Amino acid sequence: MRLCRFDNNRLGIVEGGEVLDVTKALSVIPEQRWPIAQGDPLIANLKRVIAAAKKLAPKAKKRPIAKVRLLSPVPNPSKIIGAPINYDDHIAESIKDPGIAQGRTNIQRGIGEWGLFLKANSSLIGFGEQIRLRWPDRRNDHEVELALVIGRRGSRIPKEKALEYVCAYSIGLDMTVRGPELQCFRKSIDTYSVLGPWLVTADEIADPNNLDLSIRVNGEVKQDSNTKYLVYNVERLIEFGSAMYTLHPGDVIMTGTPAGVSPVKPGDTLHAYVQGVGEGDIRIAPAYS
Ligand code: MN
């Protein structure tokens with residue numbers, strides 16, 4: 001099932017070019033008193049929400065998907081985890097291009113030595129919003145990535161069991177300002193984490209380590225690869241991340257980006273695609289702000 005959040009926090013099932021409004025299914029999410037549990041309440045209750053949504057679907061109001069404003073399908077992840085230099089061809093281009101490497105000399109040592117990084121939750125938007133570039137004097141790059149959505153709490157998860165913790169997949173854009181600062185600073189700017197256009201539940205993806213992914217900028221293909229080229233594949237990333245961080249329902253792991261990262265500018269339109277998940281456009285706002 002493809003699930004989206006749209007307009008004023010409405011819930012939709014995406015079928016073909018339409019959104020079925022099943023917002024009433026959100027009523028199965030229990031109210032929480034302070035302090036609320038870590039994690040996203042929609043994802044923590046996803047099975048119940050989906051069961052309710054299925055009942056509502058036959059009589060649901062339909063809207064063309066182009067007419068709704070898509071928000072991040074996970075509203076409140078407890079964290080967004082990023083994977084640096086996780087495709088060999090992106091490592092190669094990073095070594096070659098000083099605009100990416102920024103003087104770092106340890107790129108070839110790989111993700112095992114770099115570890116992971118966190119992107120601020122406040123940077124998260126959906127495909128119906130706009131990326132607002134900051135730092136106009138700097139290079140701002142797109143990075144298209146397969147995004148994992150964690151379905152249940154877990155710590156020190158062995159890779160053999162890792163996929164049991166994934167409830168859904170989505171497209172992640174790990175927007176990046178190039179520069180010498182830490183990733184958590186440069187990649188956490190407001191609107192620099194894009195998730196969507198919707199979630200596809202894990203049962204629809206037979207093998208997350210064999211999915212085509214691509215991005216076009218104003219129609220021109222910039223990145224075009226497959227998740228089979230991940231250095232740390234999906235299961236190993238979950239093992240690696242959960243060795244350090246307890247994962248909570250709704251946590252997002254952006255799995256890394258292949259070669260072809262390139263600068264974007266105000267007014268550009270990005271078109272991102274992940275096989276089995278879907279595709280969608282997102283705009284770069286027409287001015288720096
Ligand atoms: Mn990235």
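The model shown is predicted, which means the values in this text are computed figures rather than measured ones. Every number for a ligand or one of its atoms is a count from 1 in the order of the listing.
Evaluation of the ring-ring contact (aromatic ring centres under 6.0 Å, His included) rule for Phe240 yields Tyr232 as partners, not counting sequence neighbours.
The closest donor-acceptor contact from the side chain of Arg186 to the backbone of Glu181 lies under 3.5 Å.
For Arg33 and Glu31, the salt-bridge test fails: no basic side-chain N is under 4.0 Å from an acidic carboxylate O. Comment: Asp190 engages Arg134 in a salt bridge, judged by a side-chain N to carboxylate O separation of less than 4.0 angstrom.
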Derivation and outcome, side chain to side chain donor-acceptor pair (under 3.5 Å), residues Asp141 and Thr176
CA-CA 5 Å; Asp141 279 8; Thr176 301; over 6 Å; no

Begin with the C-alpha distance, continue with both residues' side-chain angles, and end with the deciding distance and a verdict on side-chain contact (heavy atoms from CB on, under 4.5 Å) for Asn209 and Lys228.
CA-CA 5 Å; Asn209 297 303; Lys228 69 185 174 192; 5.8 Å; no

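For the Mn ion (ligand 1), protein N, O or S atoms closer than 2.8 Å were enumerated as Glu143 OE1, Glu145 OE2, Asp174 OD2, with waters left out.
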